[in-house]
Asker: 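For reference, the structure I am asking about is given below.
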Amino acid sequence: MSGTRGERRGRLDPAVAEVRTAVSAFLDRQNLAADDIVLVALSGGADSLALAAASAFVATARGLRIVTVTIDHQLQAGSAEVAAGAAAVGPALGLEPGRVERVTVGKSGGPESAARDARYTALDRVATEIGAALVLLGHTRDDQAETVLLGLARGSGPGS
């Protein structure tokens with residue numbers, strides 16, 4: 001038996017182990033020092049939650065600081081509350097309190113492209129403000145497939 005107070009730890013879910021391994025392998029390839037800041041985009045979706053949780057686990061052993069940022073695109077009623085709820089997950093994972101960045105989404109390139117541009121601009125700005133060495137974003141395979149399909153539909157070819 002391991003754990004505390006006679007509790008027995010279960011096996012680590014293979015999906016959790018896979019995400020932790022992927023984050024660890026990626027960070028191994030970066031030139032990061034202890035106390036470097038890694039910014040993690042935290043939307044509250046399964047992809048970003050998995051990334052934040054894995055980053056929290058991996059960063060602890062490396063002495064890295066993980067800071068989360070949640071982007072409020074302001075595209076739906078109640079988006080501020082949703083963003084605040086997502087940002088509150090970081091401390092529950094043992095991370096520093098995150099921040100919410102409100103953005104204004106333009107119209108150029110369609111709604112998905114405009115939202116992505118606004119999000120990436122905000123992430124770049126926050127990373128610069130806090131001195132982050134790295135920005136991490138998580139996407140499920142379905143998200144990646146959708147992104148590739150949208151890119152191909154727009155004529156971007158293999159660069160998608």
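Along the sequence shown, the residues carry numbers beginning at 1. Model, not experiment: these values are computed from the prediction. What's counted below: heavy atoms across the whole structure, side chains too, no hydrogens, waters or symmetry copies.
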Asker: Please name the pair of heavy atoms, one in Leu93 and one in Ala53, separated by the smallest distance, quoted to 0.1 Å.
Answerer: CD1-N, 3.8 Å

Asker: Could you report the tightest heavy-atom contact between Ser55 and Val40, atom names first, then the distance?
Answerer: OG-CG2, 4.0 Å

Asker: Can you check whether Leu134 reaches Leu39 side chain to side chain, under 4.5 Å on heavy atoms?
Answerer: no

Asker: Set out, in order, the CA-CA distance, both residues' side-chain angles and the distance that settles side-chain contact (heavy atoms from CB on, under 4.5 Å) for Leu95 and Val67, then state yes or no.
Answerer: CA-CA 7 Å; Leu95 301 174; Val67 176; over 6 Å; no

Asker: How far apart are the closest heavy atoms of Gly45 and Ser43, and which atoms are they?
Answerer: N-OG, 3.1 Å

Asker: Any carboxylate oxygen within less than 4.0 angstrom of a Lys/Arg side-chain nitrogen, looking at Glu112 and Arg116?
Answerer: no

Asker: Tell me whether Leu136 shares a hydrophobic cluster with Ile130, the cluster being built from Ile, Leu, Val, Met, Phe, Trp, Tyr side chains joined at under 4.5 Å.
Answerer: no

Asker: Counting heavy atoms not belonging to Asp28, are there more than 12 under 6.0 Å from its CG?
Answerer: yes

Asker: Does one hydrophobic cluster hold both Leu42 and Tyr120, with members joined at side-chain heavy-atom distances below 4.5 Å?
Answerer: no

Asker: Verify the cluster assignment for Ile66 and Val16: are they in a single hydrophobic cluster under the rule of side-chain heavy atoms below 4.5 Å apart?
Answerer: no

Asker: Has Gln76 got more than 12 heavy atoms of other residues, nucleotides or ligands less than 6.0 Å from its CD?
Answerer: no

Asker: Determine, step by step, whether Arg99 and Glu101 satisfy the salt bridge (charged side-chain N to carboxylate O under 4.0 Å, His left out) criterion, reporting the C-alpha distance in whole Å, the side-chain angles of both residues, the deciding distance to 0.1 Å, and the verdict.
Answerer: CA-CA 7 Å; Arg99 63 194 268 183; Glu101 289 292 312; 2.9 Å; yes

Asker: Does a side chain donor of either Arg102 or Ser79 reach within less than 3.5 Å of an acceptor in the other side chain?
Answerer: no

Asker: Check Val58 against Ser24 and note the closest heavy-atom contact, atom names and distance.
Answerer: CG1-CA, 4.0 Å

Asker: Same hydrophobic cluster for Val89 and Val82, using side-chain heavy-atom links shorter than 4.5 Å among ILVMFWY?
Answerer: no

Asker: Applying the side chain to side chain contact (heavy atoms under 4.5 Å, CB included) test to Arg119, which of Asp124, Val103, Ile71 qualifies?
Answerer: Ile71

